[in-house]
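The structure appears below as structure tokens.
Just so it is clear, the model here is predicted, and its values are computed rather than measured.
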Amino acid sequence: MSGLRRRRARRRARRWLARAALAALALSAGPVLCARYVDPPTSALMLQRRFAVLRSGDAGLGSAVVQHEWVSLERIAPSLGLAVVAAEDQKFPRHRGFDLQAIGDALDEAENGGRLRGASTLSQQVAKNLFLWPGRSFLRKGLEAWLTVWLEALWPKRRILEVYLNVAEVGGPGVFGVEAASRRCFGRAAASVAPHEAALLAATLPSPRRLRCDAASEWLLERAARIEAEMARLGPGWLDGLER
């Protein structure tokens, strides 16, 4: 009889584990699926910046610390999409969320004494910026990878690019999305940005809290020139055919 009770207990435990796994799937997939159709009004990173200011006691700056304006992909110059792909993730049209070669190269550099650099794709950056917090902990990286799988499964590539262009911090500290960055740096909407200006915005992406397109250093201008050359090499049709 005790053996029968143990078997029943194990079956109950397996059922509870299966239900817990399904609940975890639903909890993580739900927000990702919702954001496919609903334009996010903010992101986890924007909220963190606002809360940090509020905690510092400058309550009046809680909203001013973040500049953000959502625009659809149709209202963003194609050169901006090409520039961020050329700068951050040239395999974006072809990979399924992870650039395994870039990850391997980064690990090899670290093993040879170099600094461990990031190898995140645009999809991973969207998962981190939209849903998670900054940092390099294993927990955060694990959640980022999990959400990236869902993003690639539930969103078309055009939506990933659209959200990235709207939530990435770019152009300067506290400036989120290419519309706010274009207006701050060039005084006009993202729809009318020229290719060399798009390259300059993309050049700030490694460290937008330190690099500013409205006060560009010689290093930033040189990086922008390299990005523009990569844009020309890839060609204006590099992002054509992204699934809708």
message: With a 4.5 Å cut-off on side-chain heavy-atom distances among I, L, V, M, F, W and Y, is there a chain of contacts connecting M46 to V175?
response: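 Per the 4.5 Å side-chain linkage, M46 and V175 are not co-clustered.
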
message: Would a single hydrophobic cluster contain both L147 and F138, if residues Ile, Leu, Val, Met, Phe, Trp and Tyr are joined by side-chain heavy-atom contacts under 4.5 Å?
response: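 No, it is not one cluster - the side chains of F138 and L147 are not joined through contacts under 4.5 Å.
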
query: Yes or no on side-chain contact (heavy atoms from CB on, under 4.5 Å) for H95 and S123, after CA distance, side-chain angles and deciding distance?
result: CA-CA 10 Å; H95 66 59; S123 305; 4.0 Å; yes

query: Taking side chain as C-beta onward, heavy atoms only, is T42 less than 4.5 Å from H68?
result: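 Side chain of T42 against side chain of H68, heavy atoms only: no contact under 4.5 Å found.
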
[X] [atom1] to [Y] [atom2] distance, which is reported to the nearest 0.5 Å:
X	Y	atom1	atom2	value
D89	R94	CG	CZ	11.5 Å
S72	L165	OG	CG	11.0 Å
I160	L242	CD1	CG	9.5 Å
Q90	L122	CD	CG	11.0 Å
Y37	L154	OH	CG	8.5 Å
I76	S192	CD1	OG	12.0 Å

For the student: nearest non-hydrogen atoms of [X] and [Y], plus distance:
X	Y	value
A83	A199	CB-N, 4.0 Å
V167	F176	O-CD2, 3.3 Å
A168	N129	CA-ND2, 4.3 Å
V126	L151	CG1-CD1, 4.0 Å
L80	S182	CD1-OG, 4.3 Å
P195	M231	O-CE, 3.9 Å

- request: Run the salt-bridge test on R96 and E152 with the 4.0 Å N-O cut-off and return the result as yes or no.
  value: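 Salt bridge between R96 and E152, a charged N being under 4.0 Å from a carboxylate O: yes.
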
message: Whether R158 and E74 form a salt bridge (side-chain N of Lys/Arg under 4.0 Å from carboxylate O of Asp/Glu) is what I want to check.
response: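 Judged by the 4.0 Å cut-off on N to carboxylate O distance, E74 and R158 do form a salt bridge.
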
task: Please test E230 against R226 for side-chain contact (heavy atoms from CB on, under 4.5 Å), starting from the C-alpha separation and ending with a verdict.
output: CA-CA 6 Å; E230 284 298 295; R226 291 194 297 271; 5.8 Å; no

- request: From the options P40, C34, P41, select the one residue that forms a side chain to side chain contact (heavy atoms under 4.5 Å, CB included) with V38.
  value: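 Between V38 and the candidates, side chain to side chain contact (heavy atoms under 4.5 Å, CB included) is satisfied uniquely by C34.
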
Only counting residues at least two apart or in another chain, list the ones meeting side chain to side chain contact (heavy atoms under 4.5 Å, CB included) with [X].
X	result
P78	none
V149	F98
A203	L220, R223, A224, I227

message: Considering only residues two or more places apart or on different chains, which pairs with a residue in residues 160-180 satisfy side-chain hydrogen bond (donor to acceptor under 3.5 Å, both in side chains)?
response: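 Residue pairs with at least one partner in residues 160-180: R49-E169, Q125-Y164, R159-E162, E179-R183.
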
message: For L200 and F186: C-alpha separation, side-chain torsions, deciding distance, then whether side-chain contact (heavy atoms from CB on, under 4.5 Å) applies.
response: CA-CA 11 Å; L200 181 60; F186 312 122; 4.2 Å; yes

Judged by atom type as modelled, is there a donor-acceptor pair below 3.5 Å linking the side chain of [X] to the main-chain atoms of [Y]?
X	Y	answer
R140	P134	no
T121	G97	yes
K128	W133	no

Contacts under 3.5 angstrom, residues 204-213 side chains, donor-acceptor by atom type, not counting sequence neighbours:
| residue | atom | partner | partner atom | Å |
| --- | --- | --- | --- | --- |
| T204 | OG1 | G171 | N | 2.8 |
| T204 | OG1 | L201 | O | 2.7 |
| R212 | NE | D214 | OD1 | 3.1 |
| R212 | NH2 | D214 | OD2 | 3.2 |

field: Pairs touching residues 193-206 that satisfy salt bridge (charged side-chain N to carboxylate O under 4.0 Å, His left out), sequence neighbours left out
entry: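 Sorted pair list: R188-E197.
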
query: Between the side chains of Q124 and T148, does any donor sit under 3.5 Å from an acceptor?
result: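 Side-chain D/A pair, Q124 to T148: absent.
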
